[in-house]
Amino acid sequence: MAKKYWLMKTEPSVFSFEDLVKAPGKTTAWEGVRNYQARNLMRDEFQLGDLAFIYHSGIAEPEIAGIAEIAKTGYADPFAMDSKSKYYDADAKKKGVNPWFLVDVRAKKRFKKSVTRSELKNCKALAGMMVLRKGARLSVQPVTEAEFKTICELSDLENV
DNA sequence: GCCAACGTTGGC
DNA sequence: GCCAACGTTGGC
């Protein structure tokens, strides 16, 4: 199947692209997504080797910091059933059914300089991009191949 | 800090 | 099953 492209949001104060680079094996579980649409994408659509932009939100200048690859496809998010986790889902635990999924991601490419949201907005070819739409809160979003290539051209790639 | 947009919840 | 109220996200 053809490779797919994604955008995954994170607040860098919680977990940044640099944190991913520093993680063991440059890999981490992308836990804590508690939205059904995003879950469905991770459960059903993410493929091994797909590429994902890591997007920093909740900061003065939101940005795409780099590219990660999917290192493990969707599996049950263990943090949902862990009462000590901040991502604990008491309702799921009570029912004994964990509805939440996650994937593992590995840092692949760091942008020498992050591509900022205003740079994305200034790029005509990206006018239809989901993350630029007002109120687009989905934390895991599909990105088209054309959008992916355009953003790679905007960036200055460097191997991690 | 403000507030618009969105998803979820719960009363009816 | 509708929809108002609420909580959260996230840009600005």
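Per chain, numbering begins at 1; letters A, B, ... match sequence-line order.
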(request) Return the orientation label for the A:F53 and A:F148 ring planes: parallel under 30°, perpendicular over 60°, tilted otherwise. (result)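 Plane angle under 30°, so parallel.
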
(request) Give me the ring orientation class for A:W30 and A:F15: parallel if the planes are under 30° apart, tilted from 30 to 60°, perpendicular past 60°. (result)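 Answer is perpendicular, since the angle exceeds 60°.
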
Figure out the [atom1]/[atom2] separation between [X] and [N], and round it to whole Å.
| X | N | atom1 | atom2 | result |
| --- | --- | --- | --- | --- |
| A:L41 | B:dG7 | CG | P | 13 Å |
| A:N35 | C:dG7 | CG | P | 19 Å |
| A:R34 | B:dT9 | CZ | P | 13 Å |
| A:R133 | B:dG7 | CZ | P | 11 Å |
| A:M129 | C:dG11 | CE | C1' | 15 Å |
| A:L7 | C:dG10 | CG | C1' | 13 Å |
| A:M130 | C:dT9 | CE | P | 18 Å |
| A:E61 | C:dC12 | CD | P | 10 Å |

(request) Answer yes or no: is there a donor N or O on one side and an acceptor on the other, between the side chain of A:R117 and the main chain of A:V131, under 3.5 Å? (result)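 Looks like yes, one N/O pair under 3.5 Å.
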
Does the side chain of [X] get closer than 4.0 angstrom to OP1 or OP2 of [N] through an N or O atom?
| X | N | value |
| --- | --- | --- |
| A:K9 | C:dG10 | yes |
| A:Y55 | C:dT9 | no |
| A:K134 | B:dA5 | yes |
| A:R117 | C:dC12 | yes |

Candidate nucleotides [options], ranked by approach to the side chain of [X] - the nearest:
| X | options | value |
| --- | --- | --- |
| A:Y36 | C:dC12, B:dT8, B:dA4 | B:dT8 |
| A:K121 | C:dC12, B:dG7, C:dG11 | C:dC12 |
| A:Q37 | C:dG10, C:dC12, B:dG7 | B:dG7 |
| A:S57 | B:dA4, C:dC12, C:dG10 | C:dG10 |

(message) Check this for me, if you would: do A:R34 and A:D77 make a salt bridge, where the nitrogen-to-carboxylate-oxygen distance has to be below 4.0 angstrom?
(response)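 The answer is yes: the pair qualifies as a salt bridge.
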
(request) May I ask you to say whether A:K3 pairs ionically with A:E145, meaning some side-chain N is under 4.0 Å from a carboxylate O? (result)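 A:E145 and A:K3: not salt-bridged.
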
